[in-house]
Structures are given as structure tokens and as C-alpha cells.
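Here's the structure, in C-alpha cells; my notes come after.
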Amino acid sequence: MTYKRPVGTQDIVPGVVEEWQYVESIFRAMADDYGYGEIRTPIFEDTDLFLRSVGQETDIVRKEMYTFEDRGGRSLTLRAEGTAPAVRAYLENNLWNQDRERVVKLYYVAPIFRYDRPQAGRYRQHHQLGLEVLGSPRPEVDAEIITFAWNFFQRLGLQGVQVLLNSVGCPLCTPAYVQKLTAVMQESLGDLCADCQTRIQTNPLRVLDCKLCQDYVARAPRLADELCGECDDHLVAVQATLNLLAVPCTLDHTIVRGLDYYTKTAFEFRVEGIGAQASIGGGGRYDGLVEQCGGKPTPGVGIGIGLERVLLARRHAGIEFGADQRDGTFVVALGDGAWNEALKLCYELRAAGIRSDVDYRRRSLKAQLRLADSERYVSAAILGDDEIARGVVSLKNMVDGEQTEVSRSELIVRLS
RNA sequence: GUGGGAGUAGCUCAACGGCAGAGCACCUGACUGUGGCUCAGGGGGUUGGGGGUUCGAAUCCCCUCUCUCACCCCA
């Protein structure tokens, strides 16, 4: 083995890719039902897009981006996050169509790259199922995205999914809260963990979700209690809508998210049993991001769902996938003279939309039937000199072993 | 970036200083035109890589790579 896949990446091979396709298909079907359109953006973007949107002081920017220079000297970065590229594309393609209030609903299924140390549920290339709604400040939209994710997880059979909700305020109320928080934290600065001692300067809200410093966080005022009237109303309305739609959620004051662009609603979906990385989805509102990216002031909300973690959660929940479904007809040739005829029949079946194959190793009848069985064909069409002479095939059912003679002309109809 | 655990056949693992093995899988045959069950036989390995100690290393020591779990952080 000369080459190995890069650290933190994975090959998704036949046998496991089917469950990925299944989960993706549920997501796509639901996105369509909810009125979202798919957007596909480049796998890399100008580095600046991430620097300016995600935030200079976030871990993603500070130590996790896959940044490289192309031959033209441009600094590019592999997609570190889904929202910024979507917003960029929204502006660049004028999806808002000159109507600033137009509600544009986008979804994506895309690989995300972060230079992290891999562990359970964490990869350097992972995949996110994302939703973004641009143009609406309404709390019902926040609730729609959360409800979508909740229903998606239900549909996939995940039990015990926790929905954690919070508000990180807006430029009107957050700064005042940050001042209060900083003041309280300064009192016990020496007791905070090393990270928080710097965080309190660079990104004060992040202190709230530090696992080590929760004792001190508990003494500080809660952000949700310090919101301005508009942010408070918004949070209450999101909760009310979720309640209306029967989505259970818990207010959690430590949810602040790791990206700088969030305003008002911040939320996270967690599930136990898949390791330390328990978050299977997260997102929030970003009312300032579009403007920051050079557009007119436009509100937005979004979510990213971790595909690998959803798959992990399904496995942990004991959900079996793709048991032993059989389909198609394997063509078995008997005798040297039958191979060409078998090949022709195989292509006829394929052209008729019937899964089919032959044994290119031209082995014995026994070996061919074994192959048909292990490749999960539901039947085998046996062609020997005898059958060819009479214009028939011996059609063997691979489940019960019963065999009948079918004329070549009726075969396709019979199998369709 | 930091710390713990682990790398032996395609897979799961044994051998723990003395001839590298088992189960499963794969291939062939018993059954020369009938898969699964059974039985018999067969192919498969630079023991992750490099260096060192030793008469002798999968085994002990050092380095390195990878996997894995956790911290940090995120999906």
C-alpha cells in the first residue's frame, strides 16, 4: 500500500455509500417539500470571504482553514463553512432580484474542510446538509429551520435529540451585556482557564460555553435576561412557534456558537452516545452578514447538519440499513459457445432497465451462481447450448431456487 | 497544537525473544448443467516504515507514519 488517504478523510465505498445516499435523499426531498432550492457553490473561495464573515478570532479562522495560494498568487480556502459561500452566491447571482424583502430559501449538501485533529465524529473533510433563508427577519423562519431539522432527525429514526436554544442578541444589546460579563469575569480573572483569560478580551461570549469555567459563568448575568426588547420578543416568538409546531426545545444560556456573525437566535441539536462531539447540527440567525459581505442590509437564518454525525447517531441507535434487498438478473453462460449470447442478453436486460451482469472470468456454472448470489441478484438467467437452440432461458429464482423456462421474447416483460 | 490507547492475511484477532497462526471471507473440488448447508484442498504476509540491542526480534529500545479516543473546538 503505497498511498493512503489524507488524515481525517474517508473513502465512502459501495456497501456504506447507500446509507449516505438514503440520508441525503430524505434531506433533499424534505428541502423540496419546504420550498428550498439547491445551491452548489465552489469547493474553494477567496480566503477573505471566510476571514471577514466567520471572524478573525474564531478557531476556524485561527487554526482550522485549509488555505493555499494558486498559481496566480490568490489566497484561496477550501470551504470551511457553508453559510458564507451561500451568502456570497446569493449576492453575486442577484438571487434577491432587486426585492430586498424577497425570501430566498436555499439548501446545500457539501463537503466542509477544517484542519482539526480527528476523533469520533470529527473529520478534516466532513459533509454538511445545510439550509439558509435570506431576506426575512421573522421568528417563524428561525422556527421553520429548527422544525425542519427536528422533523428530519425524526424521519431518520433518531431518538432523544435535544434542541437547545438561545439568543446572542444584536448590536444594540450584546455590547452592553459583554461589558457586564467582562466586568464580572475580570473579578476572578486569575481563576479562569488560560483560554478564557485571552477569550475575555478577544471574544468574550465564548467564555460562556467553556466547560472549565462554568462555575464562574454561573455568577455572571445571563445573556437571555439582558436582551433588548426586539431581541427578547424575537426569542419568545421563536419559542412560541416551536411550541405551536410541537418541537420540544430547551433554553440553554451557554449556546453561543463559534462563528462571529450570529445575531439573535442561536441553536444546537445534540444526541448522546456518539462520542464527545455530540452536536449533530447547529446554526442561527445572521442579520448582519449579508451587509458585511457587501450587500444591502438583509436578514438571514441558517443551519448546518453534520452528515457523518447523523450516520453515527443512526448506528448508535441500532438502526439497520439495507438488509438484503435483491434485484436484477444475472446472466449465466454454460459452455464455450454461450458466452457471446449471454453477453448480448445481459445488455438487453440493462437496456430495459434491469440490473444485470455476467461473470467476465468465464468460470464454472457453480462459480457463476455463487457470484449471482453474493452480488444479490434476485434471479439468474441460464443460457446453455440447449436453451440457445430453443430460444429460451432457464430462469432461476435465487431466493427459493425454483427454475422455469421462459422464452427469450417474453423474458424482459416477465422481469419488468 | 497537547495527552492516552493501538498497528500481524481482505476482516476480527492469536503468537509476547526461538519455524507467523486461527476463525471468517476468497478460490478450486466432492456435484464434468445448478448458488446457500456440509466436507476436503488451495492461494494469500516486506508483522505500518526506518534504525538499534541480540546468535536470533512480530515480540525489547529509539525515531517516524497512520489509526483511534480525549482536550481544544466544531457538524
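Letters A, B, ... are given to chains in the order of the sequence lines, protein chains preceding strands, and every chain is numbered from 1.
B:G7 sits 16 Å from B:G50 when the C1' atoms are compared, rounded to a whole Å. Taking atom P on both B:U59 and B:G17, the two are 11 Å apart, rounded to the nearest angstrom. Taking atom P in both B:A58 and B:C72, the straight-line distance is 41 Å, to the nearest Å. To the nearest whole angstrom, the two P atoms, one in B:G48 and one in B:A14, are 14 Å apart. Separating the P atom of B:A6 from that of B:A15 is a span of 14 Å, rounded to the nearest Å. For the P atoms, the distance from B:G4 to B:A20 is 34 Å, rounded to whole Å. Across the C1' atoms, B:G18 and B:A57 are found 10 Å apart, a figure rounded to whole Å. Using C1' as the reference atom, B:G42 and B:U46 are 23 Å apart when rounded to the nearest Å.
A:Phe113 does not carry A:Arg79 over the face of its six-membered ring by the limits of under 6.0 Å from the centre and within 45° of the normal. A cation-pi arrangement is found for A:Arg355 relative to A:Tyr377, the charged atom lying closer than 6.0 Å to the ring centre and inside a 45° cone about the ring normal.
In this model, the phosphate group of B:U32 is not approached by any side-chain N or O of A:Arg363 to a distance below 4.0 Å at OP1 or OP2. In this model, the phosphate group of B:A75 is not approached by any side-chain N or O of A:Arg122 to a distance below 4.0 Å at OP1 or OP2. Between A:Gln119 and B:A70, a side-chain N or O to OP1/OP2 separation shorter than 4.0 Å is present. In this structure, A:Lys4 does not reach the B:U66 phosphate: none of its side-chain N or O atoms is under 4.0 Å from OP1 or OP2.
Ion pairing of A:Glu38 with A:Arg40 is present here, as a side-chain N (NZ or NE/NH1/NH2) and a carboxylate O approach within less than 4.0 Å.
The nucleotide whose nearest atom lies closest to any side-chain atom of A:Ile382 is, among B:G33, B:C27, B:A75, B:G33. The side chain of A:Leu365 lies closest to B:U34 when the candidates are B:U66, B:A75, B:U34. Distance from the side chain of A:Arg206 is smallest to B:C74 among B:C74, B:C72, B:U34. You'll find that the side chain of A:Ala367 is closest to B:U28, out of B:C71, B:U66, B:U28. Nearest to the side-chain atoms of A:Gln277 among the listed nucleotides B:U66, B:A75, B:C71 stands B:C71. Side-chain proximity of A:Arg114 to the nucleotides B:G35, B:A70, B:C74 is greatest for B:C74.
A:Pro118 and A:Gly8 get closest at one heavy-atom pair: CG-CA, 3.7 Å.
In this structure, the CZ atom of A:Arg117 is 11 Å from the P atom of B:C65, given to the nearest Å. Atom CD1 of A:Ile146 and atom P of B:A75 are 15 Å apart (whole Å). One interatomic measurement links the two molecules: CG of A:Leu371 to C1' of B:U28, which rounds to 15 Å at whole-angstrom precision. Distance CG (A:Leu369) to P (B:C27): 13 Å, rounded to an integer number of Å. The distance from atom CE of A:Met65 to atom C1' of B:G1 is 17 Å, rounded to the nearest whole Å. The interatomic distance linking A:Asp209 (CG) with B:C72 (P) rounds to 10 Å, in whole Å. One interatomic measurement links the two molecules: CZ of A:Arg270 to P of B:C74, which rounds to 11 Å at whole-angstrom precision. Atom NZ in A:Lys366 sits about 7 Å away from atom P in B:G29, given to the nearest Å.
Residue contacts for A:Ile280: at a heavy-atom cut-off of 4.0 Å it reaches the sugar-phosphate backbone alone, with no base atom in range. Counting any heavy atom pair closer than 4.0 Å across all strands shown, A:Val332 reaches no nucleic acid atom. Heavy atoms of A:Ala120 sit under 4.0 angstrom from primed sugar atoms or phosphate atoms, though from no base atom. A:Gly130 comes within contact range of no nucleotide atom at all, as no heavy-atom separation falls under 4.0 Å. If you check every strand for non-hydrogen atoms under 4.0 Å, A:Tyr123 touches a base. Within 4.0 Å (heavy atoms only), A:Gly121 reaches at least one base atom of the nucleic acid. Contact annotation for A:Arg124: no contact, since no heavy-atom pair falls under 4.0 Å across all strands. Backbone-only engagement by A:Arg370 is indicated by non-hydrogen atom pairs under 4.0 Å involving sugar-phosphate atoms exclusively.
When atom types are taken as modelled, the side chain of A:Glu226 and the backbone of A:Leu223 share no donor-acceptor pair closer than 3.5 angstrom.
Ring pair A:Phe321/A:Tyr22 is tilted by interplanar angle, where 30° to 60° counts as tilted.
Looking only at atom types and distance, the side chain of A:Asp142 has a donor-acceptor partner in the side chain of A:His234 under 3.5 Å away. For the residue pair A:Ser356 and A:Thr329, no side-chain donor N or O sits within less than 3.5 Å of a side-chain acceptor on the partner. Using modelled atom types and a 3.5 Å distance limit, the side chains of A:Glu387 and A:Ser394 yield a donor-acceptor pair. Judged by distance alone, the side chains of A:Glu308 and A:Gln10 do bring a donor and an acceptor atom under 3.5 Å apart. In this model, a donor atom of one side chain and an acceptor atom of the other lie less than 3.5 Å apart for A:Glu132 and A:Thr83.
Base pairing in RNA chain B yields stems of at least 3 consecutive Watson-Crick or G-U pairs, both distances under 3.5 Å, namely B:1-7 with B:65-71, B:10-13 with B:21-24, B:26-30 with B:38-42, B:48-52 with B:60-64.
Stacking of A:His126 onto the six-membered ring of B:A75 is present: less than 5.5 angstrom between centres, less than 30° between planes.
Atom CG of A:Leu251 and atom CG of A:Leu165 lie 6.0 Å apart (nearest 0.5 Å).
Nearest-nucleotide positions on RNA chain B place A:Ser374 closer to the 5' end than the other of A:Ser374 and A:Arg257.
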Report the C-alpha separation of A:Thr254 and A:Asp252 in whole Å, then their side-chain angles, then the decisive distance to 0.1 Å, and conclude whether the side chain to side chain donor-acceptor pair (under 3.5 Å) test is met.
CA-CA 6 Å; A:Thr254 67; A:Asp252 186 323; 2.7 Å; yes
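Checking A:Phe269, A:Tyr107, A:Tyr34, A:Phe27 one by one against A:Phe152, the ring-ring contact (aromatic ring centres under 6.0 Å, His included) holds for a single residue, A:Phe27.
In A:Tyr115, the OH atom is not crowded: 12 or fewer heavy atoms of neighbouring residues, nucleotides or ligands sit closer than 6.0 Å.
Non-hydrogen atoms lying under 4.0 Å from RNA chain B are contributed by A:Asp386, A:Glu387, A:Ser394, A:Lys396, A:Asn397, A:Met398, A:Val399, A:Gly401, A:Gln403, all within residues 383-416 of chain A. The stretch residues 12-32 of chain A has no heavy atom under 4.0 Å from RNA chain B, so no residue of it qualifies as close.
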